[in-house]
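Below is one structure, written out as C-alpha cells; comments come after it.
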Amino acid sequence: MTTNGFKLISEEFIDDISSNVKIFEHEKTKARLMAVENDDDNKVFGIGFRTPPHNSTGVAHILEHCVLNGSRKFKTREPFMDMLKTSLQTFLNAMTFSDKTIYPIASRNDKDFHNLMDVYLDAVFFPAVRTKKEIFLQEGWHYELKDKDDKLSYKGVVYNEMKGAYSSKDTIMYQEFAKGLFPDSIYGNESGGYPYDIPSLSYEEFVGFYDKLYHPSNSFIFIYGDMNTDEQLKFIDEEYLSHFEEDEIDSKIEIQKDFDKERDYNVSYSISSDEDPKNKDMLIYGVRSGFKYDPVDALTNSIIRDTLFENDGSPLKLALLESGIGEDIDGLYTDGMEMGLGLVAINTTKDKKDEFKNIIEDELKKIVKGGIDSKKIEAAINKMEYNIREAENFATKGIIYFINCLDTWLYDKDPTLSFKFEDVLSKIREKIGTDYFEKYIEEKILNNPNKVIISLEATPGMNMEKDKEVDKKLQEYKESLSEKELEELLEQNRVLEKFQNSEDSEEEKNTIPKLKLEDIERKVLEIPTEELKKDNHVVLYHDLFTGKINYITLAFDLDWADKEDIQYIALLSDMLTKVSTKNHSYKDMETELFLKTGGIDTSLSTIVDYKDPKKYYKKFRVSSKAIGEKSKDMFELIEDVLLGSKFDDRARMKELISQILINLENQILSHGHSIAILRTQSYQSQVGMFNDMIGGVSYYDFVRDLNKNFDDKFEELKKKLVEVQEKTFNQNKLILNVTTDREEFERVEKEGEEFIKNLSNKELPSVNLVFDLEKKNEGITSSSNVNYVAKSFTFDPDEFEFNGSMFVISSMLSLTYIYNSIRAQGGAYGCGMGISESGTVHMYSFRDPNVKNTVDVYNSVADYLRNLKLSKEELSSFIIGSLNKFNPPLTNMQKGQVALTMYLSGKTTEDLNRNLKEALETKMEDFEKVADLIERAMKEDYTATIGNNEKIKEDGEVFKEIRPLNK
C-alpha cells in the first residue's frame, strides 16, 4: 500500500507502548519513516542521520549546531532560537551521538507542531551554512583577532563546549575507554570534537560532510502521538522529500577488527596545576561485548554491569574497594552499535594496574564457578523494567521512543524491537537460575581477547601546557602572515562580528512561522489534590492514573535544625541506602530495594513561602515507588533505612565520604553554573546560604574536610549522624504525599499510617536560623578549561512584588540579548537568566571562555531593556514563548511532586491563573519597570565564578577574593 509517496512496509499494534506502529519507506528517496500512533497530545517529530565521524574534529557536532542557523525558507540568523522564543514547544533540541545526529521537536499545539516540523526539515535539507561561512565560524571555531596588535586566539561555541566537557574526569575516562576498545573504528573518535583537534577542521571538509550524509536516503524520520498520519506524510513528501532523488550514501559503520591479544597502555590526563596528583590516577578495565541491536544481549550487558560493577553490593566493586584500589569504582559503557562493558577505579595510582586486573579476573572466575546470586539479577532486571516502562520518567516520552528505536533501526534491524520490552524482559527472566549469566561473563569478559587495561595518569597543569603550546603556535602563525593575510583575517572577524550583531530585517522575521494569541489554549497546570489532616501530620493524595505504580514522598520537617546540624543532615541524605541497617547489610541493600521497590531517593529542599518570601521551609524528602501489593514491603524497607541505618562501620564510612566528594567534584566541573548561582545567593539571603550549605561550595568544603581528616573526625561524625537521624524522622508536621490510582490509595494510606506510627513523636522546638552573610564575590579556580560565571541579587520582599510578566521578560532576555552577547558573540556554550517568584534575579553562563566580558554583559542588561522597542507582534510572540511555564508537560509522578511543592509554598491554581493573565497582558512599561530593578541588582554586585585558574586570575578585578576549589 502506498500513501502520499510512502510505501507501507509493516503495521502492528504494540501493547507494551499502547500504540499502533507503522513503518514506511519513501518510494522516491528510500527515506525511512516510523509513525507511532496513540492518544498522546504531546506530539513528537524527529529526523536523524547516520553520521559516523572519521576523526575527532567534531564535524558532526558542529554541523548539528550550524544547520539550525537559517535555511531556504526561514531566513533569520537563528530560526532555532526564534522558535524557542515564540513557540509552545515542549521539546526543541538536537543531539550528536557517536554515530548519529538527531533533530527532535515536540508540541501539544497542532499548529505549533506543524511549524516546528517545517523549520527542522528545512534546516536539515536546505541549511544556510552551506553558503554562509560565518555560521561555521561562530558555532565551530575561528581565529579571533579584533585588532592587529591583539593576541591571536581560537573561539567558537562548540570549541568552548568541548573544552568544558574535557575538564570533567567523566568525559575523559569514557572517551579513553572508547578509544581503547575501538582504535580502528569510528567509535574511537570523539564525535563531539576533541578541543585540540577542532581547529584542524576546514570549512570545505565541513560542507563535504554535510553534502555526503544529510540526504533523505540516509535519513530516519519519526512521528509520534495523536495526529493524522496521512496529513504528515503528505506534507513531508510534497514539501521536502519529493525534491530529491534516491542516492547511494556511504554511511556504513565498519566493525572493529578483533584484537590478537588484550591491549595494555598508559595515558595522561590533566588536573589543576595547583592540585596534588597523589592518588588521582584512574584505572580502566573493559571489553567489547556484543551489539546493541540485539535487545536480549543489550539488556544482559546492562544487567551484568549493574550486578557486578556499579551498585554498592556488586562483588567486583566490593573486592576492589576492600583491597584499597581506588576511592570509588564505577561501571563504563559505550554509545553505538558495538557495546563496551567495563569499570573504572577512580583516585588510585597507576602502579596498581596489575593488581586491579588480577582482582577483577580472580573475582570473575569465582563468580563463574560459584554462580551469581539470582536475587541480584532479579533486582537488576526490576530496576531496568521500571526505567523502560516509565520511559525514564521523561514527560515527552515520544523523544525517548525515538532515541531507543534507533538502537536497532540505525543498523538496518527491526525498528520496533525496543518497543516490545515485555518479550525481552520475559526472555531474560527465564534465564534466572540457569548458567546463562555465568557463561556470558566467561565468554564476553574473561576469555575475550578484545580487552583493554588502561591507566590514566593525573598530570598537574597538562592542559595549561597544551594551551601554552597552542598559544605559541597561534602567535607563530600570526607572525607568519603577510600584511595582506593579516588584513584578510581582521576583515573575516569584522564580517563575523557584523553578522553576529546584525538585526534580522522585517522581511526575514516574517519568514518565521508564528502562533497568535488566539491559537493558544489558556490552561494552567491543575493537579487533583485531597488534603487529609491527621493528629500531627498530613496526607496529600493525587488521584492520577499510574498503572498501579504507587508513588509516595515523605516530607519531614527540619525547623528544629540549627547551623551545626545542617550539613550533617545533607550528609545523612547522601548516605542513606548506602550503609548497613538493622535488617540489611549495605552489600545487599540495592538488591532489596529493587526486589521490592523502584528505589528509595532522599534529598533536602527549601521552599519559599509564596505569600511571604521572607519565610522558607526546610524539608527532608524521601521518595519511593512500588507496584500494587509491594507497597507494604516499600514502607517496611523505608522504615529500616530511615530508623535502622547505622554509621559505625569505619571503613564503609570512609569509602562513602570519598565517593560523595568525587561526585561533588564531578558535578561542580560539569554543571558549575548552578553551583556558582548558589554561591552568589549565599552571600545575600538566608535561604541562599542554607542551599549552599546543603549542596554548594560550602557543602563541598565540609565533605572535603571530613575526607581529609576522617580519622580524627570519625567519632564526632558518627555521633552527629545518629543525632540528626533521630531528630529528622519525626511524625510531627510530616507530610505523606501519595500519587496513585483511586483503587490503590486506600491500601497505600493504611500502610503509610502504620509506618508513621513507628516514628518518633517527640516535640522538637523550632530554631530561628539566622546566618551571618558576607559578600565574598569569589573566583573559584579549578582544573576546568572554561568558566561558569554567575551574578544574582535578592530583592527585599517589601519592595518587590512578582508579576507574571517577569516570566516573559526573563525568557526574552535569555533568548535575545544575553544569548547574542554571551553565546553567539562570546563563544560560551550556554547562558541565561531568571527572576524567581520570591524576588531573586540571577544570570549565568555555561562553559564560557570569558569572565569580565560576561559580567559586563550582565551589567548592561538594564540599559538594553530601556532601549528595547518591540512591535505588538514581537511582544505577542515572546508572551507565547513563555506560556509553557504555566502548564508544562509532566508525568503523573512529576505532577505529584509539583503538587507537594505548591502545597508547601502556598501557591494555588488561582495564583497560576493570575500570573498567566499578567503574562498575557505584558506591556512595554513592564520592561521599563524591571530595568530599574535589574540595574539596582547588578550594582549590588553579588558575583561568583567557578573555572579556569589563568582566566580568573587575569580578570581578578571582578573578585574580592580568589580561592582554589580544593583549598
Side-chain angles (χ1 to χ4, degrees), residues 41-43 68 70 73-92 105-120 122 502-525 802-820 832-835 837 861 864-889 911-931 933-934:
D41 71 339
N42 196 5
K43 294 168 287 294
L68 296 169
K73 286 167 63 175
F74 307 108
K75 298 183 181 297
T76 58
R77 207 155 40 87
E78 297 191 63
F80 172 77
M81 293 304 298
D82 293 326
M83 298 309 288
L84 266 181
K85 295 170 198 170
T86 63
S87 97
L88 286 171
Q89 53 81 25
T90 55
F91 190 92
L92 186 67
I105 62 95
S107 180
R108 291 183 291 194
N109 180 285
D110 288 344
K111 184 176 178 182
D112 191 43
F113 175 77
H114 175 83
N115 291 344
L116 290 165
M117 182 167 66
D118 197 9
V119 168
Y120 263 43
D122 208 62
S502 64
E503 288 287 328
D504 295 318
S505 69
E506 286 304 313
E507 183 182 358
E508 289 166 335
K509 289 177 184 177
N510 288 336
T511 66
I512 299 298
K514 300 178 182 71
L515 297 174
K516 296 179 180 177
L517 283 172
E518 53 264 33
D519 296 325
I520 309 304
E521 187 179 12
R522 303 182 183 196
K523 281 179 65 176
V524 298
L525 184 64
F802 185 82
N803 183 290
S805 65
M806 291 178 190
F807 285 133
V808 180
I809 295 164
S810 59
S811 175
M812 183 279 298
L813 283 169
S814 293
L815 298 171
T816 55
Y817 180 64
I818 292 175
Y819 173 88
N820 292 335
M833 77 164 292
I835 305 173
E837 294 164 342
V861 163
Y864 172 79
L865 277 176
R866 290 196 185 95
N867 294 319
L868 182 68
K869 289 180 173 56
L870 295 175
S871 68
K872 186 177 180 181
E873 185 182 35
E874 286 173 323
L875 179 56
S876 292
S877 292
F878 284 123
I879 290 170
I880 291 166
S882 71
L883 296 184
N884 267 339
K885 292 182 173 68
F886 298 97
N887 190 19
D911 295 321
L912 274 173
N913 274 309
R914 187 186 68 255
N915 287 160
L916 172 61
K917 184 173 184 290
E918 292 163 347
L920 289 165
E921 294 173 352
T922 300
K923 300 178 181 64
M924 288 310 298
E925 302 92 86
D926 296 316
F927 288 73
E928 293 168 20
K929 290 175 187 173
V930 171
L933 290 173
I934 290 175

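Just so you know, these numbers come straight off a predicted model, no measurement behind them.
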Salt bridge between [X] and [Y], side-chain N to carboxylate O under 4.0 Å?
X	Y	answer
K85	D82	yes
D122	K73	no
D504	K75	no
E874	K509	yes
E925	K929	no
D926	K923	no

Donor-acceptor pair, side chain of [X] and main chain of [Y], under 3.5 angstrom:
X	Y	answer
K516	K514	no
N42	T90	no
D118	H114	no
T511	E508	yes

Side-chain heavy-atom pair [X], [Y] within 4.5 angstrom cut-off:
X	Y	answer
L883	R522	no
L88	R108	no
L868	Y817	no
F807	E837	yes
T86	I880	no
Y864	N820	no
L933	I835	no
M83	I105	no

Quick one, T816 with F878, criterion side chain to side chain contact (heavy atoms under 4.5 Å, CB included). Give me CA distance, side-chain angles, the key distance, then yes/no. CA-CA 10 Å; T816 55; F878 284 123; 3.7 Å; yes
To the nearest 0.5 angstrom, please state how far the [atom1] atom of [X] sits from the [atom2] atom of [Y].
X	Y	atom1	atom2	value
M81	L68	CE	CG	11.0 Å
L515	N115	CG	CG	6.0 Å
M812	M833	CE	CE	9.0 Å
I879	I520	CD1	CD1	10.5 Å
M117	D112	CE	CG	11.5 Å
I512	S87	CD1	OG	11.0 Å

Taking the ring of F74 and the ring of Y120, is the distance between their centroids below 6.0 Å? no
Does the side chain of S107 pick up a donor-acceptor pair with the side chain of N109 at under 3.5 Å? no
Among side-chain atoms of N915 and E918, is any donor-acceptor pair under 3.5 angstrom? yes
Residues two or more places apart in sequence or in another chain: which of them pass salt bridge (Lys or Arg N to Asp or Glu O under 4.0 Å) with K523? none
Partner residues of K917 under the salt bridge (Lys or Arg N to Asp or Glu O under 4.0 Å) criterion, sequence neighbours left out: E921
So side-chain hydrogen bond (donor to acceptor under 3.5 Å, both in side chains) across residues 877-887, not counting sequence neighbours, yields none
